[in-house]
Amino acid sequence: MSYFKVVRRLCGLAGGSAVLVAAAAAVYAESRDSSGEKGGEQRTRRWGAIGSLYAAQKWRAGTDETEPKKGGWDTNWDRREPAFQTNGKKRGTDANDIELFVENKKPKATRHILLIRHSQYNLNGHSDKDRTLTGLGQEQAELTGQRLATLGLKYDVLIHSSMTRAVETANIISKYIPGIQRVSCDLLREGAPIEPDPPINHWKPDSVQYYEDGARIEAAFRRYIHRAETNQLEDTYEIIICHANVIRYFVCRALQFPSEGWLRMGLNHGSITWLTIRPSGRVILRTLGDSGFMPPEKVTRS
């Protein structure tokens with residue numbers, strides 16, 4: 001099954017034990033969006049990929065062997081480094097067999113991931129469905145769509161957050177990329193990934209929100225930010241339309257910078273952040289929050 005089909009099937013589906021599913025549902029019933037608002041619409045939404053969320057919780061607590069090593073570049077940051085995939089199953093076998101096994105596990109293609117922040121939206125909306133794009137926000141999405149089209153790339157998939165402002169941004173951008181496959185994913189919704197350092201005064205979510213949102217956003221990172229699968233033979237260009245907090249956290253994690261520094265970066269509405277992941281696992285940040293294709297009077301942030 002192709003990577004993109006797996007993405008389509010996994011988004012919105014729960015995995016793991018019934019206990020985990022019930023616990024996640026109970027926690028999410030009290031979860032909040034990045035503005036701190038509780039709402040009926042939020043309480044009725046389901047988390048996806050509970051197994052990933054459970055693993056993410058363990059990672060954040062530092063109780064799991066997947067915690068990144070301190071100092072230096074971790075070549076196995078996405079758990080896809082071929083040399084680490086033998087899992088002890090090849091003990092006692094010929095060294096040449098192990099070498100062949102590792103060689104066959106090496107990725108062959110490069111993944112280009114273009115992270116798009118949604119356009120300007122109505123900050124005064126009482127619920128997510130009321131936080132629609134403003135007139136300027138619609139113009140920004142048009143400009144971003146035009147920019148993506150003029151790059152002349154063959155885009156493979158467009159994945160977007162299920163929040164209204166991201167969906168509307170995706171609707172406009174997709175007009176400029178006819179026939180592209182679209183996938184909606186709850187894991188990409190806005191939230192508080194991890195308590196920032198240094199802190200800020202005008203936005204202070206409760207500690208529990210960092211704990212709840214952080215697990216979900218970490219799960220989204222693990223799902224979408226990694227080197228190519230071994231069966232991928234051609235380079236891909238994937239678009240992910242989501243939110244500033246999610247994108248900034250992804251960048252910190254992918255570059256193995258301290259995750260607590262995510263809030264030190266600013267992203268304009270409709271901006272493009274471009275990550276390239278080589279077969280070796282090397283990650284390159286090609287652009288961060290590029291909005292230079294917009295006239296100065298159209299550029300906004302919040």
Side-chain angles (χ1 to χ4, degrees), residues 23-50 52-63 67 115 117-118 120-132 160-167 185-225 240-254 257-269 271 273 289 300-302:
V27 168
Y28 196 70
E30 294 300 325
S31 67
R32 308 174 184 183
D33 65 12
S34 63
S35 65
E37 176 191 43
K38 289 186 179 180
E41 184 173 353
Q42 290 282 348
R43 289 193 292 269
T44 58
R45 191 170 292 277
R46 296 177 294 113
W47 271 3
I50 303 303
S52 296
L53 297 175
Y54 176 70
Q57 291 283 22
K58 290 181 68 180
W59 179 85
R60 300 189 69 77
T63 59
E67 183 177 10
L115 300 161
R117 188 188 179 192
H118 60 77
Q120 186 190 68
Y121 67 102
N122 173 26
L123 288 169
N124 297 320
H126 295 295
S127 65
D128 175 58
K129 67 179 181 180
D130 300 321
R131 298 188 185 110
T132 56
H160 60 81
S161 158
S162 55
M163 297 188 83
T164 299
R165 53 191 181 270
V167 174
C185 186
D186 287 348
L187 293 179
L188 293 167
R189 293 170 71 85
E190 184 63 299
I194 188 172
E195 191 168 357
D197 185 14
I200 58 174
N201 295 323
H202 65 275
W203 183 61
K204 290 186 176 181
D206 294 337
S207 297
V208 68
Q209 186 175 348
Y210 289 117
Y211 186 74
E212 295 166 1
D213 290 350
R216 171 176 55 77
I217 296 171
E218 171 66 19
F221 173 83
R222 294 187 183 199
R223 176 173 294 178
Y224 297 117
I225 312 300
I240 298 179
I241 300 175
C242 54
H243 309 271
N245 294 358
V246 177
I247 294 171
R248 293 181 286 191
Y249 178 79
F250 280 8
V251 169
C252 287
R253 285 281 285 111
F257 295 162
S259 300
E260 295 83 358
W262 64 272
L263 202 49
R264 302 175 201 172
M265 295 178 280
L267 298 177
N268 294 331
H269 292 121
S271 62
T273 296
T300 61
R301 68 176 66 87
S302 60

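When a residue number appears, it is its place in the shown sequence, counting from 1. Small disclaimer: the values here were computed from a predicted structure and weren't measured.
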Out of curiosity, [X] [atom1] to [Y] [atom2], how far, rounded to the nearest 0.5 Å?
X: L263; Y: N245; atom1: CG; atom2: CG; answer: 7.0 Å
X: T300; Y: N268; atom1: OG1; atom2: CG; answer: 7.0 Å
X: F250; Y: I225; atom1: CZ; atom2: CD1; answer: 5.5 Å
X: K204; Y: E195; atom1: NZ; atom2: CD; answer: 9.5 Å
X: L187; Y: R222; atom1: CG; atom2: CZ; answer: 12.5 Å
X: E190; Y: I247; atom1: CD; atom2: CD1; answer: 8.5 Å

Which atom pair, heavy atoms only, marks the closest approach of [X] to [Y]?
X: Y210; Y: P196; answer: OH-CD, 3.3 Å
X: V246; Y: L188; answer: CG2-O, 3.8 Å
X: A254; Y: F221; answer: N-CE1, 3.6 Å

(request) Using a strict 4.0 Å threshold on nitrogen-to-oxygen distance, state whether E212 and R216 make a salt bridge. (result) no
(request) Could you go through the side-chain hydrogen bond (donor to acceptor under 3.5 Å, both in side chains) check for S162 and D186 one step at a time? (result) CA-CA 5 Å; S162 55; D186 287 348; 2.6 Å; yes
Without swapping roles, check the side chain of [X] against the backbone of [Y] for a donor-acceptor pair under 3.5 Å.
X: D213; Y: A192; result: yes
X: R117; Y: L267; result: yes
X: R264; Y: D197; result: yes
X: R248; Y: M265; result: yes
X: W262; Y: C252; result: no

(message) Over 60° means perpendicular and under 30° means parallel, so tell me whether H118 and H269 are parallel, tilted or perpendicular.
(response)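 Because their plane-to-plane angle lies in the 30° to 60° range, the rings of H118 and H269 count as tilted.
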(request) For the residue pair R253 and S259, confirm or rule out a side-chain donor-acceptor distance under 3.5 Å. (result) no
(request) Dump the intermediate steps for side chain to side chain contact (heavy atoms under 4.5 Å, CB included) on M163 and D128, then the final yes or no. (result) CA-CA 7 Å; M163 297 188 83; D128 175 58; 3.5 Å; yes
